2 protein chains.
Amino acid sequence: MTETRDKLIQGTIATLRDKGIAGTSARVIAAAAGVNQALVFYHFGSVDELIDAACREGAAERVAVYREQFEKVASLRELLALGRSLNETERAAGNVAVLAQVLAGAQQDHNLAAAAQHALALWIEEIETALVRLLAGNPVAEVVDAAGLARGIAASFIGIELYEGVDPDGADRALAALETLGVLVEVVEDLGPVARRALRARLRRTQRSSKQ
Amino acid sequence: MTETRDKLIQGTIATLRDKGIAGTSARVIAAAAGVNQALVFYHFGSVDELIDAACREGAAERVAVYREQFEKVASLRELLALGRSLNETERAAGNVAVLAQVLAGAQQDHNLAAAAQHALALWIEEIETALVRLLAGNPVAEVVDAAGLARGIAASFIGIELYEGVDPDGADRALAALETLGVLVEVVEDLGPVARRALRARLRRTQRSSKQ
DNA sequence: GTCTATAGAGGGATAGAC
DNA sequence: GTCTATCCCTCTATAGAC
């Protein structure tokens with residue numbers, strides 16, 4: 001039955017969020033889902049495969065909710081604002097925590113690694129598409145790798161989510177500071193050709209010194 | 001005996017690195033350390049307390065190695081370069097992975113949370129001290145919270161470390177892109193008063209739009 | 001300080017009744 | 001598809017010999 005399958009997926013998300021990857025087991029998931037423990041293996045074969053499915057389906061569902069908003073974003077400032085409100089909502093729902101826990105478990109498990117990469121790729125694609133669109137014409141676009149930046153932003157959100165668990169106030173300040181840094185990209189745009197020249201000169205120096 | 005204690009600490013670091021927080025148990029740690037399993041409880045009381053000790057001592061030891069280099073750094077560019085080489089070395093030694101795994105476990109465990117916060121605080125303090133020194137006189141310093149930025153940098157390194165486990169190539173590109181972004185701070189410095197004015201104008205706009 | 005042995009809980013997974 | 005019952009494993013932690 002598809003209803004049981006769905007209960008197990010939701011139970012897995014709740015368990016990963018509340019008990020972490022170390023506390024996620026077939027028995028605990030089944031209890032959270034309100035179904036019999038043996039059904040985990042009947043429907044998914046193993047706990048790992050259930051986590052895999054929950055991770056993929058959970059991310060796909062949430063990304064779909066935000067796709068429209070990503071498409072509407074008209075400036076880097078708006079993208080940062082969307083990132084912040086998205087992070088707050090998803091954090092409250094526990095979806096960032098799930099990603100972080102699966103990512104932690106993925107370091108030692110190939111199946112979880114594939115699931116985590118797939119789920120993150122959905123978010124990264126949205127960020128990257130928006131970045132490419134918004135950085136068009138900005139001097140920064142000529143020197144920065146949009147795909148790398150999108151991955152860096154996604155990974156940083158995960159890191160800050162984990163840090164929030166041990167220092168909520170510090171995590172808020174971290175988000176605010178990185179947001180301020182993002183505004184620098186717009187400042188460079190405001191300054192046009194002047195900034196473009198300075199940026200190129202700086203980057204030449206940086207690349208030279210890091211190549212040796 | 002202090003030798004057994006030390007073996008257990010090293011065994012814990014190796015286990016967290018190789019098997020993750022979900023695969024770290026008294027038995028596995030003892031096997032890695034080459035000592036009897038019961039000694040975990042004799043010396044540390046519980047597995048959690050051993051992880052706590054390993055996390056704190058491991059971080060203190062590694063931060064001490066880098067303190068001198070942090071103090072020598074003379075520009076933001078050099079700080080970024082140090083961050084990159086530090087991340088490569090520590091990643092290879094597994095120390096970033098240990099922090100990431102403890103941080104993942106810390107979301108559900110108050111003792112681990114305290115240990116993770118303490119260990120991270122050591123790194124954050126070094127970064128923050130260097131940032132305050134290097135940003136002196138930079139227009140960015142007037143608008144950015146150095147403490148928040150230091151926390152954001154540390155958390156981002158953790159996030160990218162976890163991402164590296166599922167997409168090594170993407171993680172490299174992420175680091176490179178964030179490094180390029182850091183260079184923007186120097187560009188703003190190069191541009192002096194012009195950039196200062198543009199930055200202030202931008203930030204006023206950003207703060208207005210995010211307050212509502 | 002170090003060992004063996006073990007209690008008692010919880011884990012993954014399966015067999016077989018319904 | 002769902003259930004109970006169960007196997008066998010690993011886990012934390014302790015008792016007690018050495």
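Naming: A, B, ... by sequence-line order, numbering from 1 per chain. All values below were derived from every heavy atom in this structure, side-chain atoms included, with hydrogens, water molecules and symmetry-related copies excluded. Note that the coordinates shown come from a computational prediction; the quantities given were computed from them, not determined experimentally.
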Counting side-chain heavy atoms from CB outward, which of [options] is closest to [X]?
| X | options | value |
| --- | --- | --- |
| H43(A) | dT2(D), dA13(D), dT2(C) | dT2(D) |
| R27(A) | dG11(C), dC11(D), dT2(D) | dG11(C) |
| F41(A) | dG12(C), dA13(D), dT2(D) | dG12(C) |
| A38(B) | dG11(C), dT2(C), dT14(D) | dT14(D) |
| N36(B) | dC3(C), dC3(D), dT2(D) | dC3(C) |
| V28(A) | dT2(C), dG11(C), dA13(D) | dG11(C) |

Inset, instruction - Verify the contact: side-chain N or O of T4(B) to OP1 or OP2 of dT2(C), cut-off strictly under 4.0 Å; return yes or no. - result: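 Answer is yes, contact under 4.0 Å.
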Legend entry - dT10(D) phosphate, OP1 or OP2, under 4.0 Å from S25(B) side-chain N/O: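 It does not, given that no N or O in the side chain of S25(B) lies less than 4.0 Å from OP1 or OP2 of dT10(D).
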Inset, instruction - May I have the step-by-step check of salt bridge (Lys or Arg N to Asp or Glu O under 4.0 Å) for E57(B) and R5(B), ending in yes or no? - result: CA-CA 12 Å; E57(B) 291 181 27; R5(B) 219 193 101 93; 2.5 Å; yes
Atom-to-atom span, [atom1] of [X] to [atom2] of [N] - whole angstrom:
| X | N | atom1 | atom2 | result |
| --- | --- | --- | --- | --- |
| D48(B) | dC11(D) | CG | P | 15 Å |
| K7(B) | dG1(C) | NZ | C1' | 12 Å |
| D109(A) | dG12(C) | CG | P | 13 Å |
| I29(A) | dG11(C) | CD1 | P | 10 Å |
| L50(B) | dC11(D) | CG | C1' | 15 Å |
| D6(A) | dG1(D) | CG | P | 14 Å |
| L39(A) | dC18(C) | CG | C1' | 14 Å |
| F44(A) | dT2(D) | CZ | P | 11 Å |

Legend entry - Trace of the side chain to side chain contact (heavy atoms under 4.5 Å, CB included) decision for I153(B) with L131(B): CA-CA 11 Å; I153(B) 291 171; L131(B) 276 178; 4.1 Å; yes
Inset, instruction - Measure the CZ-CD distance between F41(A) and E49(A) for me, rounded to the nearest 0.5 Å. - result: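 Nearest 0.5 Å value for the CZ-CD distance: 10.5 Å.
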Legend entry - Validation row: L175(B), R84(B) side chains within 4.5 angstrom (heavy atoms):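 Yes. Closest side-chain heavy atoms under 4.5 Å.
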Inset, instruction - Using a 4.5 Å cut-off on heavy atoms from C-beta on, say whether the side chain of W123(B) contacts that of F157(B). - result: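 F157(B) vs W123(B): side chains apart.
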Inset, instruction - Between Q37(B) and R5(B), just flag the one whose closest nucleotide in DNA chain C comes earlier from the 5' side. - result: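 The 5'-side residue here is R5(B).
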Inset, instruction - Check every strand shown and say whether V47(B) touches a base, only sugar-phosphate, or nothing at a heavy-atom separation below 4.0 Å. - result: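 Sugar-phosphate, no base atom in range.
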